[in-house]
Amino acid sequence: VVCLAFVWGIIFLGTAYGLEWTGKVTYVTMGVPLFLMVVLLIRAVTLEGAGDGIHAYIGGWELHVLFQHPYVWSTAASQIFFSLGVTFGMF
């Protein structure tokens with residue numbers, strides 16, 4: 001209920017007082033979540049065993065595959081261009 005009241009308050013400030021308050025509300029609604037994400041990222045990385053979890057999530061990079069199997073380069077490049085095409089509204 002408190003979160004709902006907070007959101008309605010932000011909407012009220014954004015619409016009732018015009019562009020001046022909309023800019024101020026935008027600074028808060030964009031700045032606070034960004035700040036909290038940075039704080040939580042720093043906290044998560046400094047926990048014990050965080051390096052093991054990051055390594056398990058990302059995995060090790062096997063760079064020798066790129067030199068032993070050259071078709072991997074073309075597959076990776078086609079995947080990049082396909083992903084970009086979707087974001088640009090092509091294909």
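Quick note: residue numbers are just sequence positions, from 1.
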Undergrad: State which residues pass side chain to side chain donor-acceptor pair (under 3.5 Å) with Q79; sequence neighbours excluded, sorted by chain then number.
TA: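 If we apply the side chain to side chain donor-acceptor pair (under 3.5 Å) test to Q79, skipping adjacent residues, the hits are S83.
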Undergrad: Among L40, L34, V39, which one satisfies side-chain contact (heavy atoms from CB on, under 4.5 Å) with M37?
TA: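 Among L40, L34, V39, the one meeting side-chain contact (heavy atoms from CB on, under 4.5 Å) with M37 is L34.
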Undergrad: Please answer: with hydrophobic residues joined when any side-chain heavy atoms are less than 4.5 Å apart, are I58 and V72 in the same cluster?
TA: yes
Undergrad: Decide if atom NE2 of H55 counts as having more than 12 heavy atoms of other residues, nucleotides or ligands within a radius under 6.0 Å.
TA: no
Undergrad: Do L36 and V28 land in one hydrophobic cluster if side-chain heavy atoms of ILVMFWY residues count as linked below 4.5 Å?
TA: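 Shared cluster, yes.
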Undergrad: What's the shortest heavy-atom distance between A50 and A44, and which atoms?
TA: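 In terms of heavy atoms, the two residues are closest at CB-O, 3.4 Å.
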